[in-house]
Amino acid sequence: MKTKKLINAGADAVDEMLQGVLVAHPRHLYAVEDVPRAIIARNGPRKGKVGLVIGGGSGHEPTFLGYVGKGLADAAAIGNVFASPPPDPIIACAKAVDGGAGVLFMYGNYAGDVMNFDMAAEMLALDEIEVRTVLTTDDVASAPADQREERRGVAGNVFIFKAAGAACDLLYSFDEVERAARHANARTYTMGVALAPCSLPQTLKPNFLIGEEEMEIGMGIHGEPGVARESLKTADAVTDELMDSILREMKAERGDRVAVLVNSLGSTPMMELYIMMRRVKARLDEAGLVIHTSLVGNYCTSLEMAGASITVMHLDDELQRLIDHPCDCAMFAR
Amino acid sequence: MKTKKLINAGADAVDEMLQGVLVAHPRHLYAVEDVPRAIIARNGPRKGKVGLVIGGGSGHEPTFLGYVGKGLADAAAIGNVFASPPPDPIIACAKAVDGGAGVLFMYGNYAGDVMNFDMAAEMLALDEIEVRTVLTTDDVASAPADQREERRGVAGNVFIFKAAGAACDLLYSFDEVERAARHANARTYTMGVALAPCSLPQTLKPNFLIGEEEMEIGMGIHGEPGVARESLKTADAVTDELMDSILREMKAERGDRVAVLVNSLGSTPMMELYIMMRRVKARLDEAGLVIHTSLVGNYCTSLEMAGASITVMHLDDELQRLIDHPCDCAMFAR
Amino acid sequence: MAITTKDLQHLFALIAGDIAAQRDHLCELDGAIGDGDHGLAMDAGCEAAAKAVGGLDPAQAAPTAVFNAAAKAFLNAVGASSGPLYATAFMRAGAAVKDKPELSDDDFVRAFAVMAQGIQERGKAEPGEKTMVDTWKPAADAALKVRASGSALAECFDMADRAARQGCEATRDLLAAKGRASRLGDRVIGHIDPGAASAAIIIASIAKFARHRDG
Amino acid sequence: MAITTKDLQHLFALIAGDIAAQRDHLCELDGAIGDGDHGLAMDAGCEAAAKAVGGLDPAQAAPTAVFNAAAKAFLNAVGASSGPLYATAFMRAGAAVKDKPELSDDDFVRAFAVMAQGIQERGKAEPGEKTMVDTWKPAADAALKVRASGSALAECFDMADRAARQGCEATRDLLAAKGRASRLGDRVIGHIDPGAASAAIIIASIAKFARHRDG
Ligand SMILES: Nc1ncnc2c1ncn2[C@@H]1O[C@H](COP(=O)(O)OP(=O)(O)O)[C@@H](O)[C@H]1O
Ligand SMILES: Nc1ncnc2c1ncn2[C@@H]1O[C@H](COP(=O)(O)OP(=O)(O)O)[C@@H](O)[C@H]1O
Ligand SMILES: [Mg+2]
Ligand SMILES: [Mg+2]
Ligand SMILES: [Mg+2]
Ligand SMILES: [Mg+2]
């Protein structure tokens, strides 16, 4: 049985999507000439500002291209579905946003992305464009706490990119941008649960199998297996399980502020996300933590996968300022 | 086989969702005391302004409660999943937003909603609150053009509410608000296609059956059957079929401007919506029509139904101004 | 033997039980030509009505209060199409038996008939438009007619039940002119209207109630 | 008989065909412990490489140009993990045969060996970490060793093929230390690494190519 999708040829899906994005958001986005996978913010890059290039595989929309815009990322390099972009569009992005103050690469920590972005950085060095890299590693499920740098980057990207983009927009120095970006990443924690798979446009076949009554805790946003397969529980019990892991690591003190993201992996509707949000709030109340801002919806998806993730960013004064900083992206404005 | 959902008891889903909405968006929304299904904008209602009350069944999020806020609707009355709210929360909404200039009810044209909102209006008349009603009827598939007033209201709600809410915010008189709302509705056209059903939280069973290679053209946003069941086609062919119906009715002239919404019914991901958007643009170009603004994403859903709808609002100077008017809602800001 | 508040409490409990048993079946019928929730609406409404009615003190509450409590509870639990239709039905029944401490058989048949009328007026539907009116109207007509000929309550509602079932069954061949199904043209042919089906269940419950009383 | 640009064009076409035939199988392997796209990546990459290489004029393009064209095309078509790994492999091969108008058997074996080395360096992976290195490294070692003992090309790659298949099969019992699978702990035990499997297909294609030339 094939998954039904509103696509043309599966192999054309990513390029046709990008064409649709550009015609829908001409005031926000354009593509580098002859490099259709390099998507640039019309009003973001400018002289003296650190340029922020994000990127990764397609299929996570609105991540990554939805976060390109004034006050957030300056460009996104777009790969095939669930596949890192190759160096060429990354290089084109970096050149388009370079304002002479350095270019920061930020992306989720996956072997493929690291290799491609590193190759791009090596080639940019030949052109004397200084590139630094901050990997996002917010997925609590993907490695123990003492191997934080081994973790995957998932929905926490939204807050981490947002903080770094604000630092760039505020004309922080390259050193300061990098520090703020690492700081944002270090204080961001995500745990997810998947209920049903998605299908790649080229295969139209579910990318993993899961039982009718099962859920997968800690599943990756490309359907990579998680930490445990359990039988499906109530929304409150699932939320507790995710929040337990997050709170255990976060080590916040009563009175601390947080930013919260309850994110759909694709087909889980807002009704379910808000039911989870209600429980997140109860758990945060119990821990004496204050929600400064919250996002609920489709922010970092895996095509039509069913499931949700919870992200908590442990704010301090600086992160709060950066998260509150205005941004104006095609798919995200504050 | 049961659909997996992140819920607690199915019967509690709507109320728990609303609790989650309120804790996520305390700066935007509150519920009338003791009437949890009456959701009010913190900064919307004010003296001398026509109050705009929208509403309908749950399961369409961010419709309706996501469009409550300054510059858009003042309140939403929320029903059970796919069921009109009863008169009580409608009455509570009207009382909360009444600024002495009249209260406008706007909602999709469904028998249940009409009966409940009419009952509410009758009871409000006893309290000398003047209520008028403008039904949305944008679903081209649901009745022939000469029975426009019989049609259902679907995703076009977003633009129609937006225009009416802007008229209220601009302190149009009651007559003028009503006129603008009818005008907005009359120039808005939606056609949708469904690929897979959703399941109500209380039953967890698919609410309709559809073949593995089939699609349903013109399906309603509650899963009501549409105008034709066909075999699934490419995104371009489907988009053409929807756009043909819309363009045929719209009778626009070359150079006219439009607002476009490519909307997911729930689980259809942004990748597919943007692939459709690309074709929408090609068809509008062909017809010489100019996209003034476009929205692509989850705007009026049917839980996790798979499929999409296309809405085109045929702008004139007034509608363009109203659509461009700023708004600040929990789930929608311009 | 007059019908008391206590009897009406039993009646509402009986209806709630019978509807609950058919909840999924009613959802299936609604899934075919509507939005699949009619069983949920009727179940929630009848349960809320039975609960509200059951909470009344029979020593204090007259039949009119029973019907009014049922109306309010049903409406607030449901909304949807069925909410205003049944709430109006119950309110009309309440108005028809105002000031009566208990109901004669005539009173009861009249209350039944005004329920049908209330539904018809609220929904502005005529028989033949594939709605619950196709069940309620012939049932009410039958009850009134049989009662006018002097028959006992059980017989009145036996005939009402029969007419209801026929009316319901006949919706299968009708085009729909009201409600969600009205947009479907001839795709509704072959499907019973869900509201007509739940109405037939309720009327069957009333017939059971009447039989039990007379028997 | 030396290996010409034309021969290499045939080789890349052969590889692309063999990988295409296993596309879905490779996706399935990746679905178990990765993100399910390895077949798509390898198919797209090998097809792009074969097409770019096939477009070269054999009269103008030396073997180094073949490998460089393959590297570029593979990388840009794929990205992912496989893109940089195979692009680096092909670039190293291109560098190793720089200035040669055609390749001797020694040249070819050396090119093969530096491909394996390039993959290892780009991925910073050691054998035993459940990656394609577990296929490439033993295969390259075998080819070099057999060639040093003076055997013909066909025999070198027969042994390389055998070592590749063994290396690939052995990933089944390994924990993963690199790539997506490295986060899964012992849930990867029992599953072959998809990159190791595609590497074994490519090396089998090369063995076929060598057999065909010598035979
Ligand atoms: N105008 C009307 N008059 C009488 N009955 C109606 C009318 N509109 C709908 N109905 C009845 O309501 C039933 C559907 O009820 P329900 O499923 O509870 O509400 P909804 O349509 O809001 O989901 C229909 O089957 C029909 O019998
Ligand atoms: N650091 C690495 N060194 C060598 N091989 C690697 C490394 N990381 C991943 N691989 C190989 O890449 C394969 C996955 O490739 P592919 O599915 O195309 O990319 P992605 O993981 O980006 O989806 C793995 O099976 C493994 O063999
Ligand atoms: Mg991948
Ligand atoms: Mg309904
Ligand atoms: Mg219904
Ligand atoms: Mg992969």
Side-chain angles (χ1 to χ4, degrees), chain A residues 1-2 4-9 13-14 16-21 23-25 58-59 61-62 66 81 193 195-196 198 201 212-213 215 232 234-236 238-239 260 262 266-279 281 291 294 296-298 301 303-304 306-308 331 333-334, chain B residues 1-2 4-9 13-14 16-21 23-25 58-59 61-62 66 81 193 195-196 198 201 212-213 215 232 234-236 238-239 260 262 266-279 281 291 294-298 301 303-304 306-308 331 333:
Chain A
M1 179 181 162
K2 284 186 164 184
K4 289 186 275 187
K5 284 185 189 275
L6 291 164
I7 57 174
N8 300 304
V14 172
E16 291 184 349
M17 167 184 74
L18 292 178
Q19 290 161 22
V21 167
V23 301
H25 308 294
S58 297
E61 292 71 30
V81 178
V193 58
L195 268 51
C198 60
E212 286 185 18
E213 314 246 302
M215 62 178 184
L232 182 64
T234 63
D236 284 356
V238 171
T239 304
V260 173
V262 181
S267 66
T268 290
M270 287 179 109
M271 182 174 288
E272 298 174 38
L273 302 180
Y274 278 110
I275 290 173
M276 294 177 75
M277 179 68 207
R278 168 185 153 278
R279 184 69 175 188
K281 167 77 163 119
I291 299 180
S294 51
V296 181
N298 290 36
T301 63
L303 294 173
E304 72 282 3
M331 309 173 200
R334 297 250 94 190
Chain B
M1 178 177 163
K2 281 185 166 186
K4 289 188 273 187
K5 284 184 188 276
L6 291 164
I7 56 173
N8 299 304
V14 172
E16 291 184 352
M17 167 184 74
L18 292 178
Q19 290 162 22
V21 167
V23 300
H25 309 294
S58 296
E61 293 70 31
V81 178
V193 57
L195 269 51
C198 61
E212 287 186 15
E213 314 247 302
M215 63 178 184
L232 182 63
T234 63
D236 283 356
V238 171
T239 303
V260 173
V262 181
S267 66
T268 289
M270 287 179 109
M271 181 174 289
E272 299 173 39
L273 302 180
Y274 278 110
I275 290 173
M276 293 177 75
M277 179 69 208
R278 169 186 153 277
R279 185 69 177 187
K281 168 77 163 118
I291 299 181
S294 51
L295 301 175
V296 181
N298 290 37
T301 63
L303 295 172
E304 72 281 6
M331 310 173 199

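Keep in mind that this is a model prediction, so the values were computed, not measured. Computed from heavy atoms alone, side chains included, the values below leave out hydrogens, waters and symmetry copies. Each chain gets a letter, A, B and so on, in the order its sequence line appears, and its residues count up from 1.
Between chain A and the residues B:V262, B:N298, B:T234, B:I291, the most heavy-atom pairs under 4.5 angstrom are made by B:T234. Per-residue heavy-atom pair counts under 4.5 Å with chain A were compared for B:L18, B:L295, B:L232, B:V14, and the maximum is reached by B:L232. Top candidate by heavy-atom pairs under 4.5 Å with chain A, chosen from B:M17, B:K281, B:M277, is B:M17. Contacts with chain B were tallied for A:A235, A:A308, A:S267; A:A235 has the most, counting heavy-atom pairs under 4.5 Å. Note on A:H25, A:K2, A:M215, A:R279: by heavy-atom pairs under 4.5 Å with chain B, the leading option is A:H25. Interface summary for chain A: among B:E213, B:M331, B:Q19, B:M271, the most heavy-atom pairs under 4.5 angstrom belong to B:M271.
For chain A, the nearby part of B:M276 is the side chain; its heavy atoms alone come within less than 4.5 Å. Both the backbone and the side chain of A:L195 come within less than 4.5 Å of a heavy atom of chain B. When heavy atoms are compared at a cutoff of 4.5 Å, A:V21 approaches chain B by way of both its backbone and its side chain. Heavy atoms of A:A306 lying under 4.5 Å from chain B are absent altogether. In this structure, the portions of A:P62 lying under 4.5 Å from any heavy atom of chain B include both its backbone and its side chain. Heavy-atom distances place both the backbone and the side chain of B:K5 under 4.5 Å from chain A. Residue B:V260: no heavy atom, backbone or side chain, is found under 4.5 Å from chain A.
With sequence neighbours left out, A:E61 forms a salt bridge (Lys or Arg N to Asp or Glu O under 4.0 Å) with no residue at all. Considering only residues two or more places apart in sequence or on other chains, B:K4 meets the salt bridge (Lys or Arg N to Asp or Glu O under 4.0 Å) condition with none of them.
A side-chain donor-acceptor contact under 3.5 Å links A:S294 to the backbone of B:A24. B:E272 places a side-chain N or O within donor-acceptor distance of the main-chain N or O of A:L6, the cut-off being under 3.5 Å. B:N8 places a side-chain N or O within donor-acceptor distance of the main-chain N or O of A:D236, the cut-off being under 3.5 Å.
A heavy-atom distance below 4.5 Å is not found between the side chains of B:T268 and A:E304.
Smallest separation of non-hydrogen atoms from B:I275 and A:E16: CG2-OE1, 3.6 Å.
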